[in-house]
Number of protein chains: 2
Amino acid sequence: MTPNAASARILLIEDEAPIRRFLKIALGSAGHETLEAGSGREGLERAVIGNPDLIILDLGLPDMDGKAVVREIRSWSSLPILVLSVRDGEAEKIAALDAGADDYVTKPFATGELLARLRVLLRKRGDSEAQPSTVQVGPLSVDLARRLVTVGDQEIKLTRKEFDILALLARHGGRLVSHRQILTEVWGPAHVDDLHYLRIAIGHIRNKLDDDPASPRFIVTEPGVGYRLLS
Amino acid sequence: MTPNAASARILLIEDEAPIRRFLKIALGSAGHETLEAGSGREGLERAVIGNPDLIILDLGLPDMDGKAVVREIRSWSSLPILVLSVRDGEAEKIAALDAGADDYVTKPFATGELLARLRVLLRKRGDSEAQPSTVQVGPLSVDLARRLVTVGDQEIKLTRKEFDILALLARHGGRLVSHRQILTEVWGPAHVDDLHYLRIAIGHIRNKLDDDPASPRFIVTEPGVGYRLLS
DNA sequence: GGTCAGCGTAAAGTTTGCGTAAAGACCGCA
DNA sequence: TGCGGTCTTTACGCAAACTTTACGCTGACC
């Protein structure tokens, strides 16, 4: 059974050292390699540079809200996330799962069950496989993980929102993304009607990418609907 | 977000009628369609012929071992299976998960959490199966996701309403679409009587597609009724 | 053969939506 | 506390899209 469930790189984001040590041993005995992070910020860094196959995330971190960590990671990767928490509240579970987590286990947990749930998440690895975290459109390249944009060899410096928009378009690979969708994803649901924000931001991006809306190299306007990347 | 998490066909394999009824209502309120099976044997049949998007499986079936059902299904399909059980034994969970189940929820369960876990399983659907959102009619091709229309290799630039109309016809694949239907879908219910709008727009589309109403290549007029795409 | 309903086209009038500029508010950081 | 960058807000020109009005054509029916 489970041939490719063995020997994965697992990133463990957990602030309590004893639990981290315990899990490291448990994971090791199951044949996994462990990367460790003691805070949300550190976890995000390691997720980018450590290239893990799966992330185990404790919700009760000191520096960040766990759900925010999930959303951050989901903004550039679909790699499996198993959330660990002492909180057994239903609302908490639902929120974490809807933020993008793939499973939720309540502490204290049974080690065997945890390992079984990891196997479930890992055996999907083969199927969906390695989507590249960098998108190419002609001379334009968008590195979702490093938040780096280049045209040719020229690095383009985008602001946070500008990058978020471009990344969203890039992740949809040439398909149309509606105004509403961009606004809710980038500005939040409260700003679905602030269309001019979007127009101005798109204007800035085009300006930096040296893109002409009349005959676009990269970003195409679909009047009344939204934007899409040329593919 | 989660656009394709809504409205799934869910096969419910559960022998206790009250629980089945309860779940059917809960799933229905979440926008899902439900198929029902009262035994393992029946469940396997329905899984084959019912074309569900997800299966909820009770382990405590009278005729078969639940894990055997999971293995049967896994032998020909990778569709998501959520196992439901009163047994809280760790060994049981591990066995079911390793047999191929994707998640395991213990009865009694919180409805909200169950629905959230279903969303997790369903949102993977869209990624993997890259829906073919493009319709072909002879040399005409309508890409619904990219909002792109081509005739041969020539890209045709349509306005918003023009594209909406053509997309509506394309989605109905050669079947007749009434005036009323087009007007309500594209202009809104307030304009069901403004038939001339439609005629003019159709005229523009035909013009751009180089289509002659007298001997149409693409759009056929059904006098007094509506329009349809030639197939 | 006349009339009329339904369709298609042309062209003028009006509104909407897009893009840009610029100024003010905000925020993190030194 | 001041500074630079970022985001928000306001305003406006312009072009495309949409609406409105008008008219010619065809075929059916009387």
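Note that the structure is predicted; figures quoted are calculated from it, not measured. Convention: sequence-line order gives letters A, B, ...; per-chain numbering from 1. Side-chain atoms are counted along with the backbone in the values below, which use heavy atoms only and exclude waters and symmetry mates.
Dashed line: the shortest gap from a side-chain N or O of B/Thr159 to OP1 or OP2 of D/dA16 is not under 4.0 Å. Look at A/Lys157 and you'll find a side-chain N or O under 4.0 angstrom from OP1 or OP2 of D/dT6. For the pair A/Trp187 and D/dT8, the criterion of a side-chain N or O lying under 4.0 Å from OP1 or OP2 is met.
Contact annotation: the side chain of B/Leu169 never approaches that of B/Phe218 to less than 4.5 Å [non-hydrogen atoms, C-beta and beyond]. Here the side chains of B/Leu54 and B/His32 are not in contact, with every heavy-atom distance at 4.5 Å or above. Residues A/Asp102 and B/Arg123 are in side-chain contact: their nearest non-hydrogen atoms beyond the backbone lie under 4.5 Å apart. Between A/Leu23 and A/Leu114 there is a side-chain heavy-atom pair separated by less than 4.5 Å.
For the pair A/His196 NE2 and C/dA23 C1', the interatomic distance rounds to 14 Å; values are reported in whole Å. As a whole-Å value, the separation of B/Glu162 CD from D/dT19 C1' is 14 Å. What separates CD1 of B/Ile205 from P of C/dG8 is a distance of 12 Å, to the nearest Å. Rounded to whole Å, the distance from CZ on A/Arg160 to P on C/dG28 is 8 Å. Distance A/Asp164 CG to D/dT6 P: 13 Å, rounded to the nearest Å. Per the geometry, NE2 belonging to B/His191 stands 14 Å off C1' belonging to D/dA17, to the nearest Å. One interatomic measurement links the two molecules: NZ of A/Lys208 to P of C/dT20, which rounds to 14 Å at whole-angstrom precision. Rounded to whole Å, the distance from CG on A/Asn207 to P on C/dA21 is 7 Å.
Counting only heavy atoms from C-beta on, A/Leu195 has its side chain closest to C/dC18 among D/dT21, C/dT20, C/dC18. Checking C/dG17, C/dG8, C/dG19 against every side-chain atom of B/Arg206, the shortest atom distance belongs to C/dG8. Relative to the side chain of B/Lys161, the nucleotides C/dG8, C/dC18, D/dT19 differ in distance, and D/dT19 lies closest.
The closest donor-acceptor contact from the side chain of A/Arg9 to the backbone of A/Gly50 lies under 3.5 Å.
For the segment residues 219-230 of chain A, the set of residues with a heavy atom within less than 4.0 Å of an atom of DNA chain C comprises A/Thr221, A/Pro223, A/Gly224, A/Tyr227, in numerical order.
Contact annotation for A/His179: backbone-only contact, meaning every heavy-atom pair under 4.0 Å involves sugar-phosphate atoms and none involves a base. B/Ile200 comes within 4.0 angstrom of a nucleotide base, judged by non-hydrogen atoms across all strands.
More than 12 heavy-atom neighbours from other residues, nucleotides or ligands sit within 6.0 angstrom of CZ on A/Arg206. No more than 12 heavy atoms of other residues, nucleotides or ligands shown are found within 6.0 angstrom of CZ on A/Arg180.
When each of A/Arg199 and B/Asp211 is assigned the nucleotide of DNA chain C bearing its nearest heavy atom, the one mapping closer to the 5' terminus is B/Asp211.
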